[in-house]
Amino acid sequence: MLEDLRRLWLEPRDPRLPQLGFSVLFLLDMGLRLVGGVELSRGPLIGLVLVPVVWVATLLVPWPRAPEWLRLALVVADIGLIGLSRLDPSGGSALLIVVPAMWLGFVYGLRGAAITGVATALLVTGPGLVYIGASGMNLSRSVLTAVLAVVASLVVATIVARVRGGQEMIVLQRRVGEAILDTVDVGLVLLDSQGRYTTVNRRHHDFMRLAFPHGHHGVAGQLGEVYHEDGETLVQHEDMPTYRATQGEEFDDQLVWVGSDPLTRRALSVSSKVVRDEQGRFAGAALAYKDVTDFMRALEVKEEFVASVSHELRTPLTSIHGFTSLVLERPDLPDEVRHQLGVVARNVDRLDRLVSDLLQTAQVERGLIHLERERTDIAALVRQSIEEARPAIAGAKLTLATRVPPQLVVNVDPQRFSQVVDNLVSNAVKYTPAGGRIEVDLSVTHDRVELVVLDTGIGISMRDRTHVFSRFFRAPHAARQSIQGIGLGLSITKAIVDSHGGRIEVESEEGRGSTFRVRLPLDVPGERSTDAAPGQPAAV
Ligand code: ADP
């Protein structure tokens with residue numbers, strides 16, 4: 001009901017409500033005149049009869065389909081009725097003129113003000129002056145009525161023009177905003193402080209159709225066909241990007257798959273930024289969904305390719321390795337052949353390491369590697385790695401200092417742990433020019449094991465430091481100096497450390513050296529080493 005009234009009032013083409021207002025005011029004017037003891041003359045009496053008639057007639061007209069002139073005629077008729085009400089020897093009040101004047105200004109703008117002026121002059125001021133005479137109070141009243149009517153109409157016309165201009169501007173700005181949101185190739189969602197979706201661009205509607213085939217309620221955190229990076233595990237409520245955003249979390253690159261059909265599903269990289277009000281309270285969040293399906297598929301293909309090629313290379317390599325060793329065992333080999341076969345054996349070893357690095361890289365899933373943990377004396381493993389590296393260290397004319405406890409038993413995967421030490425030590429050897437120094441430290445604190453491999457080599461620039469743990473990354477200066485490598489060692493090392501629940505960090509200064517620090521937790525109950533003892537530094 002209230003809504004109907006509001007619509008009627010705001011709908012400028014429907015005159016029923018304004019006409020009712022006018023009729024009531026007109027009858028009030030007449031009633032007050034009677035109460036005041038005025039004897040109504042013919043003009044006002046005719047008006048008194050006509051007003052209800054016009055009101056009833058207004059109700060009968062189907063206004064939405066009525067021609068424009070009929071609306072105009074109705075308002076002009078109202079002005080005529082006011083003219084009639086003034087055809088009285090006492091002159092009568094013409095204040096009511098503001099009602100049709102405002103309505104004309106409201107509907108027809110400046111044109112309405114002009115119509116008001118002409119109609120008032122012809123139907124109110126003119127007849128008034130003729131009937132009562134152009135003298136005394138009547139002259140001022142009659143002329144002021146016309147002026148007042150035009151001013152009222154103009155004021156309303158101006159206000160309406162301003163408001164409409166402002167509204168048009170807002171609508172225009174909103175449309176420009178929507179057009180921009182729709183042209184970008186990224187799904188965009190804006191959430192309010194309650195987690196309700198307030199804006200969703202066209203691209204994101206496509207993603208939502210895949211993620212929520214049965215519809216979406218417009219509130220953050222709804223579960224759907226949204227999967228983790230592995231493409232199989234469904235994302236739970238608290239891991240849904242929109243839910244995380246409503247908890248005030250800001251993140252970059254949360255990878256999800258949307259949709260279950262392998263042909264149409266998309267991989268999305270989601271980022272979230274929180275919006276805060278002036279008091280710093282959570283006011284909503286903006287989420288961007290980037291389609292990375294092609295990249296993910298290419299990555300999958302690459303990894304499958306790497307895995308199968310490495311696998312295929314393994315068998316012939318094993319046989320070359322085996323037979324070279326066999327031939328090298330023969331005592332009757334001429335020195336030259338022995339030397340040449342030695343080169344073959346060394347290169348086969350290198351190739352073998354490369355292939356196993358590639359194979360392992362393909363096995364790393366979501367940054368983690370499969371482990372077979374057992375209670376291991378890692379101090380012994382570190383010593384063994386150092387012993388194996390000694391010839392290379394000596395060959396590269398480097399000095400070595402170690403600080404390793406006699407024994408340190410921890411629950412790790414021994415093979416993988418050795419790989420960590422080997423990778424870090426062999427990098428230190430590779431990236432340190434002759435005359436440099438390498439230090440290997442293994443220590444234990446109350447809750448963790450720390451392995452430090454330090455060198456005084458070429459170092460890593462600040463920019464490269466953030467990338468050294470990425471697959472296939474090689475710092476430009478390493479590549480420039482033709483130091484061998486393919487950029488897999490540190491990514492595998494990090495995957496191993498992460499899988500043990502540890503952390504690896506690097507500090508470095510270009511031209512001065514690098515320090516790699518591995519920390520593994522000791523907090524698995526019953527697996528804490530009791531055999532640790534501080535080691536003595538030993539220089540080589
Ligand atoms: P690779 O040594 O086979 O290139 P890694 O993954 O072990 O691959 O290392 C990645 C990159 O990090 C190297 O190419 C090199 O640029 C840089 N790097 C690693 N260790 C060191 C080090 N000790 N000193 C200087 N740079 C290093």
Side-chain angles (χ1 to χ4, degrees), residues 302-303 306 309-310 313 346-364 367-369 382 385-386 388-390 392-393 395-402 415-442 450-499 502-519:
K302 192 187 85 183
E303 275 169 11
V306 168
V309 167
S310 333
L313 283 173
R346 275 200 302 283
N347 280 293
V348 169
D349 276 349
R350 258 184 63 198
L351 235 124
D352 197 41
R353 276 199 301 277
L354 206 104
V355 168
S356 63
D357 272 3
L358 284 171
L359 257 176
Q360 271 191 36
T361 307
Q363 284 160 6
V364 175
L368 298 178
I369 222 160
V382 172
S385 289
I386 291 169
E388 280 166 15
R390 265 184 214 284
I393 294 169
K397 301 192 172 53
L398 305 173
T399 54
L400 171 73
T402 62
Q415 224 184 330
R416 302 296 194 192
F417 182 83
S418 292
Q419 212 176 338
V420 168
V421 187
D422 288 347
N423 279 344
L424 295 179
V425 172
S426 76
N427 274 352
V429 176
K430 266 200 307 193
Y431 297 108
T432 306
R437 185 166 50 88
I438 296 177
E439 276 178 36
V440 182
D441 271 24
L442 180 68
E450 186 169 276
L451 170 75
V452 178
V453 179
L454 173 152
D455 67 57
T456 57
I458 60 174
I460 306 165
S461 72
M462 175 110 105
R463 204 190 49 201
D464 295 338
R465 237 170 285 157
T466 46
H467 302 296
V468 286
F469 298 107
S470 311
R471 287 187 232 181
F472 298 108
F473 176 82
R474 303 212 68 211
H477 66 169
R480 259 200 314 274
Q481 294 179 27
S482 315
I483 302 173
Q484 276 169 2
I486 53 166
L488 285 179
L490 284 182
S491 76
I492 295 172
T493 303
K494 180 166 173 12
I496 297 173
V497 174
D498 288 350
S499 310
R503 281 175 69 88
I504 178 163
E505 285 161 10
V506 58
E507 287 160 32
S508 186
E509 205 178 317
E510 234 179 322
R512 295 193 141 238
S514 315
T515 304
F516 284 85
R517 203 176 295 276
V518 173
R519 296 192 179 109

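Whatever order the structure lists them in is the order used to number ligands and atoms, beginning at 1. None of these values were measured; they are calculated from a predicted model.
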Atom 20 (N) of ligand 1 [closest protein heavy-atom partner, distance rounded to 0.1 Å]
Asn427 ND2, 3.4 Å
Which part of Ile486 is near ligand 1, with near meaning a heavy atom under 4.0 Å away: side chain, backbone, both or neither?
backbone
Determine whether any heavy atom of Phe516 lies closer than 4.0 Å to an atom of ligand 1.
yes
Nearest protein heavy-atom contact for atom 4 (O) of ligand 1: which residue, which atom, what distance?
Arg474 NE, 2.6 Å
The protein heavy atom nearest to atom 23 (N) of ligand 1 is Asp455 OD2, 2.9 Å
Determine whether the side chain, the backbone, both or neither of Gln484 has a heavy atom under 4.0 Å from any heavy atom of ligand 1.
neither
Looking at ligand 1, is there an atom of it that comes within less than 4.0 Å of some heavy atom belonging to Asn423?
no
Sub-4.0 Å atoms of ligand 1 with respect to non-hydrogen atoms of Ala475
14 (O), 16 (O)
Which is it for Leu488 and ligand 1 at heavy atoms under 4.0 Å: side chain, backbone, both or neither?
backbone
Which bit of Leu490 is near ligand 1, meaning a heavy atom under 4.0 Å away: side chain, backbone, both or neither?
both
Nearest heavy atoms of Ile386 and Thr402, plus distance in Å:
CD1-CG2, 3.4 Å
Can any side-chain N or O of Ser426 pair as donor or acceptor with the backbone N or O of Asn423 at less than 3.5 Å?
yes
Atom 21 (C) of ligand 1 - nearest protein heavy atom and its distance
Tyr431 CD1, 3.4 Å
Against ligand 1, does Ser514 come closer than 4.0 Å with any heavy atom?
yes
Just by distance, do the side chain of Thr456 and the backbone of Arg512 share a donor-acceptor pair under 3.5 Å?
no
In ligand 1, which numbered atoms sit nearer than 4.0 Å to a non-hydrogen atom of Gly487?
1 (P), 3 (O), 4 (O), 6 (O), 8 (O)
For atom 26 (N) of ligand 1, which protein heavy atom lies nearest, and how many Å away is it?
Ile460 CG1, 3.3 Å
Below 4.0 angstrom from a heavy atom of Val468, which ligand 1 atoms are there? Numbered from 1 as shown, please.
10 (C), 12 (O), 17 (C)
The closest protein heavy-atom partner of atom 10 (C) of ligand 1 is Phe473 O, 3.3 Å
Which of the atoms of ligand 1 are close to Lys430, meaning less than 4.0 Å from one of its heavy atoms?
1 (P), 2 (O), 3 (O)
